[in-house]
Amino acid sequence: ELLSLTGLTEDHIPGLVSILVLIVSITILWYRTSGETQSNISSLAGGSQSAAIAAQVRFDRLLEQQHDSPLPTPASPPLSASREPDTGRNTTIHVTKTNEPLRVPETVPLMTLDQIHSWRPSLQLLPQLPYRASSQLPTTKLLVCHDMMGGYLDDKFTQGVASEHTYSLYHWSYIDIFVYFSHNLLTIPPAGWIHQAHHNNAKVLGTFITEWDQGAIVCNELLSNPDKWQHIATQMAHIAKHHGFEGWLVNIENKVQLEHVRFLERFVDTLRKACLQEIGQHAEVIWYDSVTTIGALEWQNELNKQNERFFHVSTGIFLNYTWTSSHLLRTSVLANNRCGDVYVGIDVFGRGTYGGGQWQCHKAVKAIQDHKLAVALFAPGWVYENLDKSNFVANQYKFWKQFETSLEARRMQQTPFTTTFTLANGPNRWSRGVKVHKGGWYSLREQALLPNIPLPSASNPYYPTPSSQRLKELKVALDSSVVWQGTHALRFDIPASTSTSNDAQAVVRLFQTAIRHQGPLVVNMAAQCPETVSVSLLLVLSGGEQDVRYLEFQPTTANQPVDSSLADLSKDIHAKFAAKYDRTASPVIHRSQNRRVFHPASGQTARGWGITQYIVVEPELRSYVVQEVRAIVRSTSTDPATAYLGELSFGHVKETAATAEELKASEVCITPATKATQDNLDHSDRVISCLLQWQSKQPATSAQVYCNGEWLGQTHNDHFVVASHLVTGSHATFTVTGLPTLDLMDSWSLSTDVTWA
């Protein structure tokens with residue numbers, strides 16, 4: 001009857017069935033895809049917690065997609081977790097069954113063209129501090145190529161690792177471009193190096209390298225198919241953008257078939273254009289002087305007709321190390337107005353390099369500068385690899401001291417400006433004067449801004465300009481025994497003297513800056529001093545030629561009374577400020593044409609440290625530029641003494657707010673402890689892994705993470721991976737304490753509980 005009504009015959013039935021099957025299949029597929037998408041959106045948006053955990057993409061699987069490496073086999077079959085609805089700042093997750101354990105986040109290279117071809121963006125747990133270009137143009141650009149022991153050592157762990165003797169760079173103010181180098185096909189810079197370089201206004205590049213016979217095979221596979229090399233170039237640009245660095249060094253260390261050379265040239269050109277589009281006009285693709293325009297592996301040690309074509313399609317060229325003065329002369333003539341894009345190689349190990357490398361690298365730098373070319377310093381980690389590691393800090397300063405008269409230190413420009421003087425590694429880890437981790441600790445992301453004034457010696461790295469005979473022997477160095485935050489503080493050793501002067505002082509120049517003063521200023525300082533010693537902060541501002549102003553911030557121990565006439569002078573201004581910002585400005589205890597002296601607006605003590613905050617309201621100084629940061633050490637005793645500066649920061653009032661909310665734990669995994677994780681096992685010992693996430697109102701805020709009171713690590717982001725942490729009992733309380741970048745008086749804390757049967 002249906003057929004007769006529609007006018008169809010029995011011959012149409014098979015076709016109708018096929019159409020019906022197709023419609024049902026599409027409907028099922030749409031339903032599944034929509035459900036998955038909606039669950040993931042619900043998870044990311046903080047919807048139903050049970051649905052979110054059930055639908056959330058497993059973090060370790062995302063890592064596996066990104067790195068193409070196998071995951072460890074879990075101790076027990078992976079199941080699922082359930083939790084109660086989120087009830088606010090303090091929540092409890094009741095775990096009945098668990099997920100697969102998470103791994104410590106780390107950066108790994110891509111080993112094959114197939115891995116590059118199939119790479120897809122994955123969950124980025126550690127977003128990078130963005131690169132901010134410096135307005136100061138260097139007279140000589142410096143590229144540092146970091147090649148150490150195959151790469152991906154302790155630096156690959158993005159949340160830090162328990163290790164003390166490790167390598168890091170201290171003299172970032174000289175460095176314009178940092179290249180992370182290894183002998184893997186595609187070297188992705190570890191997150192810690194990216195963070196540290198960007199913190200110091202330096203660019204970061206990864207490395208694409210092919211070598212010898214295997215490299216020739218890879219090049220043949222890559223260049224024989226235009227679709228492939230175009231896609232690989234595009235993928236490399238996406239990878240750089242995803243990880244937050246600025247481009248690539250391209251190093252082809254093998255012969256290339258003559259018919260493929262033009263495709264290699266087009267590959268480099270495509271990569272450069274893709275990086276400029278994805279990353280911005282500050283992107284870099286630098287060609288290494290190796291293969292020539294006829295496909296021969298012949299290092300030229302200069303810019304010439306054999307490699308000029310590759311120079312034209314890249315943003316720069318990195319010349320080999322065995323050059324002579326004649327090579328430099330010919331290079332400068334051919335480069336013409338692009339001399340600053342020619343990076344002349346210096347092998348710090350001294351293998352055939354001009355001047356012999358090592359402690360004589362400055363000779364090569366001077367020769368390069370004579371021709372107005374750029375410098376490429378290869379493997380400065382020589383001081384760590386080949387010398388006594390226990391004396392690394394002194395050797396590091398000795399090595400970089402040789403450049404202080406030839407290379408210009410870049411001025412710090414970021415605001416808020418803050419430093420704790422901590423290195424990336426140290427024997428212990430401290431937080432606000434409390435030792436939270438006993439034993440070596442290494443995290444590149446935690447290294448603070450370090451003084452960028454030229455250093456006179458390894459034993460006395462930050463030299464004072466004494467204003468009295470009494471303190472001219474003042475010694476200043478980094479110290480790891482008394483620390484406010486991180487692994488180090490700045491120590492001042494004041495010598496004994498027979499002088500009876502009660503106003504002996506020394507001025508220690510710390511930082512050269514170029515920070516514009518644009519409104520009410522907040523200044524913080526944490527110092528530890530005996531009663532007879534005080535440490536003050538001095539900012540040197542410039543408003544133009546011969547227009548220099550000095551702002552000094554004294555602790556209350558200076559004990560100078562406030563002149564009532566000075567208070568009346570700024571009474572109206574301070575009243576307006578207090579009404580707007582609900583803060584009290586610092587009293588001015590001295591005012592002259594070019595100098596202001598302030599006492600704290602507020603202060604407190606914590607575990608022997610004096611924390612002072614100053615609020616500066618000086619409208620006439622708006623648009624002045626802070627050009628230098630100094631410390632003033634004063635002593636009223638003839639006995640030797642030691643003082644410490646643990647932190648200093650300054651910025652604008654609007655940059656001080658810092659709060660956070662909604663601490664959540666997901667991807668929870670609970671497994672019984674084994675002898676592999678604990679020698680003396682208790683029946684209630686468990687190993688927990690999870691992903692902690694929260695919402696911070698100030699991205700620059702750092703946070704300390706604890707489990708049942710035990711410090712787990714520090715992060716500069718709104719998340720932290722807890723990987724295989726041993727706990728006893730049936731619950732774990734995770735606490736995250738935020739440390740604002742600019743306000744030492746403020747902090748925030750969130751906690752959440754995880755319980756299990």
Side-chain angles (χ1 to χ4, degrees), residues 417 419-422 433 448-457 459-485 488-513 523-540 550-560 589-590 595-600 603 605 608-614 626 628-650 744:
F417 177 94
T419 180
T420 57
F421 303 99
T422 188
L449 294 176
L450 299 176
N452 62 353
I453 297 293
L455 312 177
S457 69
S459 60
N460 181 20
Y462 315 116
Y463 70 97
T465 306
S467 55
S468 72
Q469 185 72 17
R470 158 81 168 83
L471 289 185
K472 76 172 186 177
E473 299 300 326
L474 176 74
K475 301 295 182 183
V476 189
L478 295 176
D479 188 274
S480 60
S481 61
V482 179
V483 182
W484 167 249
Q485 189 70 36
H488 290 79
L490 198 62
R491 187 186 74 234
F492 304 95
D493 291 324
I494 303 164
S497 174
T498 58
S499 171
T500 58
S501 171
N502 61 1
D503 61 351
Q505 69 177 36
V507 179
V508 184
R509 300 171 62 224
L510 298 175
F511 295 95
Q512 291 179 315
T513 61
V523 179
N524 294 275
M525 183 169 59
Q528 187 175 120
C529 306
E531 291 184 0
T532 58
V533 177
S534 69
V535 177
S536 301
L537 182 65
L538 183 70
L539 300 184
V540 182
Y550 300 90
L551 304 183
E552 182 182 345
F553 304 92
Q554 291 185 353
T556 51
T557 52
N559 200 28
Q560 293 179 260
I589 64 172
H590 172 80
R595 189 179 186 88
R596 311 282 191 276
V597 180
F598 301 90
H599 266 184
T605 58
W609 290 86
I611 308 166
T612 51
Q613 183 175 94
Y614 309 81
V626 181
E628 200 164 287
V629 180
R630 302 174 182 176
I632 303 178
V633 181
R634 293 184 173 90
S635 176
T636 60
S637 172
T638 58
D639 296 327
T642 302
Y644 299 88
L645 183 58
E647 184 167 353
L648 66 86
S649 63
F650 62 89
L744 298 186

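Just so it is clear, the structure is predicted and the values come from calculations on it, not from any experiment.
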Might you point out which heavy atoms bring [X] and [Y] nearest each other, and give the distance in Å?
X: C529; Y: A643; result: SG-CB, 3.9 Å
X: R630; Y: L537; result: O-CD1, 3.4 Å
X: M525; Y: V535; result: CE-O, 3.4 Å
X: L474; Y: A506; result: CD2-CB, 3.8 Å
X: P555; Y: H599; result: O-NE2, 3.8 Å
X: L645; Y: L648; result: CD2-CD2, 3.8 Å

Checking T513 side chain against V626 main chain: does a donor-acceptor pair fall under 3.5 Å? yes
Quick one: are [X] and [Y] in side-chain contact, heavy atoms under 4.5 Å?
X: I494; Y: V533; value: yes
X: V482; Y: W609; value: yes
X: E552; Y: H590; value: no
X: S536; Y: R634; value: yes
X: L539; Y: F650; value: yes

Sequence neighbours excluded, which residues qualify as ring-ring contact (aromatic ring centres under 6.0 Å, His included) partners of F492? none
Go through the structure and list residues passing ring-ring contact (aromatic ring centres under 6.0 Å, His included) with F511, not counting sequence neighbours. F417
Out of curiosity, [X] [atom1] to [Y] [atom2], how far, rounded to the nearest 0.5 Å?
X: E647; Y: T420; atom1: CD; atom2: OG1; answer: 6.0 Å
X: T419; Y: Q485; atom1: OG1; atom2: CD; answer: 11.5 Å
X: H488; Y: F421; atom1: NE2; atom2: CZ; answer: 13.0 Å

side-chain contact (heavy atoms from CB on, under 4.5 Å) between L490 and L510: does it pass, once the steps are laid out? CA-CA 10 Å; L490 198 62; L510 298 175; 3.8 Å; yes
Applying side chain to side chain donor-acceptor pair (under 3.5 Å), can you list everything that pairs with [X], at least two apart in sequence or on another chain?
X: R596; result: E618, E620
X: Q528; result: none
X: T422; result: T487

For Y614 together with F598, are the ring centres under 6.0 Å from each other? no
Those residues at least two apart in sequence (or on a different chain) that pass side chain to side chain contact (heavy atoms under 4.5 Å, CB included) with T642 are R491, D493, Y644
